[in-house]
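For reference, the structure is listed below as structure tokens.
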Amino acid sequence: MKLKSLQIVLNITHQCNLKCDYCYYSKMMDIKRGSMSKEILSEVFKKLSKSSYEKLHICLHGGEPLTQNLDYFNTIISLHKEYFNNKKVIYAIQTNGTLINEEFLKFISNHNKDGIEINLGISIDGPEVVHDSYRITADGRGSFEKIMSNILLLDTYDIKYGVLSVLNDKTYEQVDEVYNFFRSLKNMACLDFIIPQYNKEYMPLKVENLSKLYISLFEKWYFDKEVNFDVRDFSALISAIAGEYGQGVCWMVPECIKNIHLISIDIKGDVSPCDNYTHVTLGNIMENEISDFMEKSRIRRMAAKYESNRISKCKFCKWYSLCSGGCPLNISPEKNESVYCLELNKIFTHINSLILSDFKKKEENVVYKANPYVVKIFDKVNKAVI
């Protein structure tokens, strides 16, 4: 049976030239050092080619993937041409942005022209005072200046890119400056605001600050009629509230381990159900087929069952259709619920009220208060209703 789509987070290296304060992957990089061998890389492509999935979304991740030289990326292209003649494949490279150069941009540009789709994601938290508070080198130097220099280089090649921005207390203190900064980026196509993963020892954002920060950013974007970028989490929430389900990001998908077709592969070939769920090992790419990590995996089913039991009480919450019990990684051991539960409740209540006051089903000639990205969602829902 043909399956539609599989997401693969391919951690090609555990090397990184930054030492970000909030890095969720730092312990894994310390335990397993180095980069993925070409032998393992080749096996990944071979196993994916034999899988039942018709479409593959491969994110080249790390570590910092651009610590690998161009020969390594050329090997990936060679493997693509050898194994993926009968599959639709979309690549993404998630980088901290410090090592981008003209040679790399020519590589992306040339292969996109040749029909191999390669998207680029850059991690940047906002203006210098915000970004350099967390995203620093091993000796404590900021990375903002270098990244901005490279973003200007991207603009000269007219390459669109997405941005991941981790919400933190500096964002909270300078929310106007943060939004205006992202608004100034010429070729940023989309933006993801990342809610920090729960860490008992260190949190870059005080939990009680989340709702105020999230709502403030949401409203700035929602009412900005000249905005030129999408915010994926915001659009997913709006879609769900307006009745267009199935558009959610991962933390909005019910029983994500069971229902999201995703695997994460580390440098040694060990496979887990999510890049943030590496404590659960499903097997190794050198020994197993892709189906062994998915529908045939007993370990995956057990992890999914555990998650299903955890969220059973959440199903009675009025906001379950929006958060699905919250990301499994943000669970408080004491309460066995998301540490952000109360904050998400405030966020959903506010956004729901705003959307319902603005969204008019089936009415003609309505002038919405919202930006064009939101209006597009409203129009799509209206067409579905009609």
Side-chain angles (χ1 to χ4, degrees), residues 9 11 13-33 61-64 94-98 121-144 147 163-175 177-178 181 191-217 233 249-251 256 264 266 272 274-280 310 323 325-347:
V9 180
N11 292 289
T13 182
H14 284 179
Q15 299 176 46
C16 190
N17 60 325
L18 295 186
K19 196 172 180 64
C20 303
D21 281 359
Y22 50 60
C23 180
Y24 70 91
Y25 207 65
S26 59
K27 288 183 180 178
M28 178 59 68
M29 291 191 292
D30 287 339
I31 293 168
K32 297 181 182 179
R33 297 179 180 273
H61 213 280
E64 169 49 47
Q94 185 61 42
T95 172
N96 62 37
T98 59
I122 300 176
S123 298
I124 183 166
D125 287 347
E128 186 169 9
V129 66
V130 176
H131 180 90
D132 282 352
S133 295
Y134 301 93
R135 301 191 64 80
I136 56 177
T137 61
D139 58 2
R141 291 177 291 115
S143 58
F144 179 84
I147 294 170
V163 165
L164 296 184
S165 174
V166 177
L167 297 177
N168 56 68
D169 286 326
K170 290 293 182 182
T171 319
Y172 179 78
E173 292 168 9
Q174 307 207 30
V175 63
E177 292 83 354
V178 168
F181 166 78
L191 171 63
D192 283 357
F193 286 119
I194 307 299
I195 297 174
Q197 182 179 314
Y198 172 63
N199 186 322
K200 194 172 183 177
E201 297 173 2
Y202 172 74
M203 290 285 282
L205 176 70
K206 293 183 181 69
V207 170
E208 61 270 21
N209 287 344
L210 176 63
S211 60
K212 294 175 189 173
L213 173 56
Y214 204 91
I215 289 168
S216 180
L217 288 168
D233 295 60
V249 291
C250 63
W251 60 271
C256 57
S264 173
D266 74 15
S272 56
C274 171
D275 205 36
N276 294 311
Y277 225 71
T278 53
H279 57 287
V280 175
R310 180 190 70 79
C323 85
C327 174
L329 287 237
N330 292 330
I331 303 309
S332 163
E334 293 81 15
K335 295 184 178 180
N336 199 31
E337 65 181 31
S338 172
V339 295
Y340 295 116
C341 187
L342 292 177
E343 293 298 292
L344 289 173
N345 193 305
K346 294 174 188 176
I347 290 168

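Residue indices begin at 1 and follow the sequence shown. For clarity, every value in this text was computed on a predicted model and none was experimentally measured.
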Report task. Applying side chain to side chain contact (heavy atoms under 4.5 Å, CB included), run through Tyr134 and Cys20 and close with a yes or a no. Result -> CA-CA 5 Å; Tyr134 301 93; Cys20 303; 5.7 Å; no
Of the non-hydrogen atoms in [X] and [Y], which two are nearest, and what is the gap between them?
X	Y	answer
Ser264	Cys274	CB-C, 3.6 Å
Val175	Ser216	CG2-OG, 3.6 Å
Val207	Val339	CG1-O, 3.4 Å
Ser133	Val129	OG-O, 2.7 Å
Ser211	Lys346	OG-CD, 3.6 Å
Pro127	Val178	CD-CA, 3.8 Å

[X] [atom1] to [Y] [atom2] distance, which is reported to the nearest 0.5 Å:
X	Y	atom1	atom2	answer
Ile136	His131	CD1	NE2	10.0 Å
Glu343	Glu208	CD	CD	7.0 Å
Lys170	Leu205	NZ	CG	13.0 Å
Leu213	Asp169	CG	CG	9.0 Å
Thr137	Asn96	OG1	CG	11.0 Å
Tyr214	Leu167	OH	CG	8.0 Å

Query raised in the report: Can you find a pair of side-chain heavy atoms, one from Tyr202 and one from Asp21, that are under 4.5 Å apart?
Result: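 A side-chain contact exists here, since the closest heavy-atom pair is under 4.5 Å.
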**Report entry** Pairwise side-chain contact, Ser165 with Leu191, heavy-atom cut-off 4.5 Å (strictly under)
**Finding:**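 Touching, per the 4.5 Å side-chain cut-off.
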**Report entry** Step-by-step side chain to side chain contact (heavy atoms under 4.5 Å, CB included) determination, Asp132 to Ser143
**Finding:** CA-CA 6 Å; Asp132 282 352; Ser143 58; 4.3 Å; yes
Query raised in the report: Would Tyr22 and Arg135 satisfy side chain to side chain contact (heavy atoms under 4.5 Å, CB included), going step by step from the backbone distance to the final call?
Result: CA-CA 8 Å; Tyr22 50 60; Arg135 301 191 64 80; 3.1 Å; yes
Query raised in the report: Thr278 and Asp266: side-chain donor and acceptor closer than 3.5 Å?
Result: no
Requested in this report: Please check if any side-chain donor atom of Thr95 sits under 3.5 Å from a side-chain acceptor atom of Glu64, or the reverse.
Outcome: yes
Query raised in the report: Quick one: does His14's side chain have a donor or acceptor within less than 3.5 Å of a partner on Lys32's backbone?
Result: yes
Query raised in the report: Within the side chain of Asn330, is there an N or O that forms a donor-acceptor pair under 3.5 Å with the backbone of Tyr198?
Result: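 It does hold such a pair.
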Report task. Kindly indicate, with the supporting measurements, whether the criterion side chain to side chain contact (heavy atoms under 4.5 Å, CB included) is fulfilled by Tyr340 and Ile195. Result -> CA-CA 9 Å; Tyr340 295 116; Ile195 297 174; 3.4 Å; yes
Query raised in the report: Does Lys212 NZ have over 12 foreign heavy atoms under 6.0 Å away?
Result: no
